[in-house]
Amino acid sequence: MAEHLHARIEFDPRFTVAEVPDRLFGSFVEHLGRCVYTGIYEPGHPTANADGLRGDVLDLVAELGPTMIRYPGGNFVSGYRWEDGVGPKEDRPRRLDLAWGTTETNQFGLGEFMKFCRAVGVEPNMAVNLGTRGVQEALDLLEYANHPGGTYWSDLRRSHGDEDPYGIKLWCLGNEMDGPWQIGQRTAAEYGRIADQTARAMRMIDPGLDLVACGSSSRGMPTFGEWEAEVLANSYKSVDYISAHAYYHPGDGDIPSFMASAQDMELFISGVIATADAVGAKLKTDKKIDISFDEWNVWYQEEWEASAHAEWVEAPRQLEDHYSAMDAVVFGSLLITLLRRCDRVTAACLAQLVNVIGPIMTEPGGPAWRQTTFFPFAEASSFGRGQVLHVNADSPRFDTTKYGEVDALHSVAVANADGSVTVFAVNRDLESPLSLEVDTAALGGHGEVTCSTLSDSDPNAKNTLDDPERVTPVENKSVALAEGKVTVELPAMSWNTIRIRPR
Ligand code: AHR
């Protein structure tokens with residue numbers, strides 16, 4: 001029989017880590033598989049609006065609550081000509097997309113993306129191509145997007161029906177330029193130089209931009225650390241963020257290590273911060289470079305690698321992972337890490353939004369539904385707003401091959417503006433339930449408490465087209481507040497949102 005575990009946490013709303021930045025709850029739309037076509041965009045779908053955006057997807061995106069969306073890639077951007085995607089649709093060229101082996105019709109482009117951002121009320125985050133292109137094309141795109149009018153590119157935008165400039169503030173200077181899979185991969189010195197040149201030229205058009213230099217594609221890259229140091233040595237003064245990307249999966253079936261994936265994310269974050277701060281120290285500047293964790297998720301990558309090339313078809317089913325209850329718990333733990341480190345991770349994007357390793361799935365001409373990972377993101381985006389608090393935790397530990405001993409309880413507390421406190425807590429133990437005690441003395445010890453829990457007796461249970469609501473969060477009736485303490489039972493492998501409203 002599984003052992004019953006006990007853990008305890010305490011916090012004080014006076015002791016804060018940082019305010020949760022709005023950009024922490026970003027997501028990502030790439031021209032990849034069915035993320036755009038039959039994902040967010042499907043003219044002719046019964047719910048589509050006049051712009052061809054699927055109404056059922058817009059509703060689910062609103063419920064999910066992303067704050068910012070990165071576009072148009074990803075690996076796709078490194079071979080993309082942005083001009084192909086603007087102007088009359090009948091004139092737009094069909095092109096080979098070398099990144100994913102497909103044909104790109106260009107029926108969706110920058111103007112359609114901006115309509116999507118306005119429809120769901122999110123900030124756009126635009127990537128420029130520094131793979132096959134360079135400074136000039138980035139400047140042309142910026143002028144098209146943000147200049148009010150009276151010049152070639154800005155007047156072209158107006159002639160395409162968008163009188164007002166888009167005002168895009170956040171820009172990625174390329175994508176994963178350290179990766180051998182990237183079209184136009186560069187060395188750190190080459191990339192650092194072109195990132196700096198592009199950033200400085202873009203700031204001549206608009207000094208107020210927020211610019212992201214590419215960091216490592218994962219902590220496992222052979223150049224991790226050296227890459228950040230050299231890129232930032234070249235571009236520290238001209239950029240604001242360095243990116244980080246991380247995807248997790250159980251690989252060889254090592255589930256305990258998979259449950260503890262957030263350990264890798266934490267080490268990744270602290271390594272990048274140490275490296276960036278070392279460059280800043282050498283430059284004798286007090287400017288800090290923050291992390292844009294602009295791709296993170298669970299991704300069963302090896303399944304995709306087995307069927308990589310798509311024979312130049314349009315919008316095939318690529319990277320369509322179906323997430324289990326267990327995946328949602330690991331995913332929630334990654335969200336907890338981002339919140340805990342939001343003092344320096346001030347932007348992040350769940351990769352991706354729809355169909356492609358997404359929290360939302362669609363059927364062409366058919367329904368849309370929520371994957372298991374939808375729920376932790378929606379709850380964190382709704383209730384994880386305000387000040388992240390310092391938490392003292394006392395947790396039992398379990399052993400993992402990759403990370404040694406780790407805490408079974410992984411948690412964060414956020415003081416919300418209305419005076420309540422939300423605790424996100426994951427029980428990472430595979431088999432044992434955990435009794436959690438939350439000391440609420442610093443909140444006055446009185447009030448109301450609720451808890452929502454996502455777990456399943458079958459860790460591999462998933463939501464599917466045929467059974468779209470198999471796994472959903474449920475009210476956890478074990479939660480209670482008495483004698484200044486919240487107590488709650490967290491099932492094995494569970495994601496939990498505990499809301500404490502002091503009286
Ligand atoms: O999100 C899928 C892919 O993962 C992105 O295109 C790329 O940037 C990363 O390798």
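Only heavy atoms go into these numbers, but all of them, side chains included; no hydrogens, no water, no symmetry mates. Counting starts at 1 for both ligands and their atoms, following the listed order.
Between Tyr248 and Trp296, a ring centre-to-centre spacing not shorter than 6.0 Å is recorded.
Using 4.0 Å as the threshold, Trp100 has a heavy atom nearer than that to some atom of ligand 1. Under a 4.0 Å heavy-atom criterion, Phe76 is not in contact with ligand 1.
Atom 3 (C) of ligand 1 has its closest protein heavy atom at Glu295 OE1, 3.8 Å. Regarding atom 2 (C) of ligand 1, its nearest protein heavy-atom neighbour is Gln352 NE2, 3.5 Å. Scanning the protein heavy atoms around atom 1 (O) of ligand 1, the nearest turns out to be Tyr247 OH, 2.8 Å. The single protein non-hydrogen atom nearest to atom 6 (O) of ligand 1 is Glu30 OE1, 2.6 Å, given as residue, atom name and distance.
Contacts of Asn175 with ligand 1, taken as heavy-atom pairs under 4.0 Å, involve the side chain alone.
Between Asp467 and Lys462, no side-chain nitrogen of the basic residue sits less than 4.0 Å from a carboxylate oxygen of the acidic one, so the salt-bridge criterion is not met. Under 4.0 Å is where a charged nitrogen must lie from a carboxylate oxygen, and between Glu228 and Arg219 no such pair does. Using a cut-off of 4.0 Å between Lys/Arg side-chain N and Asp/Glu carboxylate O, Arg203 and Asp240 are scored as salt-bridged.
Close approach to Glu176 involves these atoms of ligand 1, each under 4.0 Å from a residue heavy atom: 7 (C), 8 (O), 9 (C), 10 (O). Residue contact check: Gly74 has heavy atoms under 4.0 Å from atoms 5 (C), 6 (O), 8 (O) of ligand 1.
Below 30°, between 30° and 60°, or above 60°: for Phe258 and Tyr300 the angle between ring planes is above 60°, a perpendicular geometry. Below 30°, between 30° and 60°, or above 60°: for Tyr41 and Tyr37 the angle between ring planes is above 60°, a perpendicular geometry. Between Phe377 and Phe25, the ring planes lie perpendicular to each other; the angle is over 60°, past the 30° to 60° tilted range.
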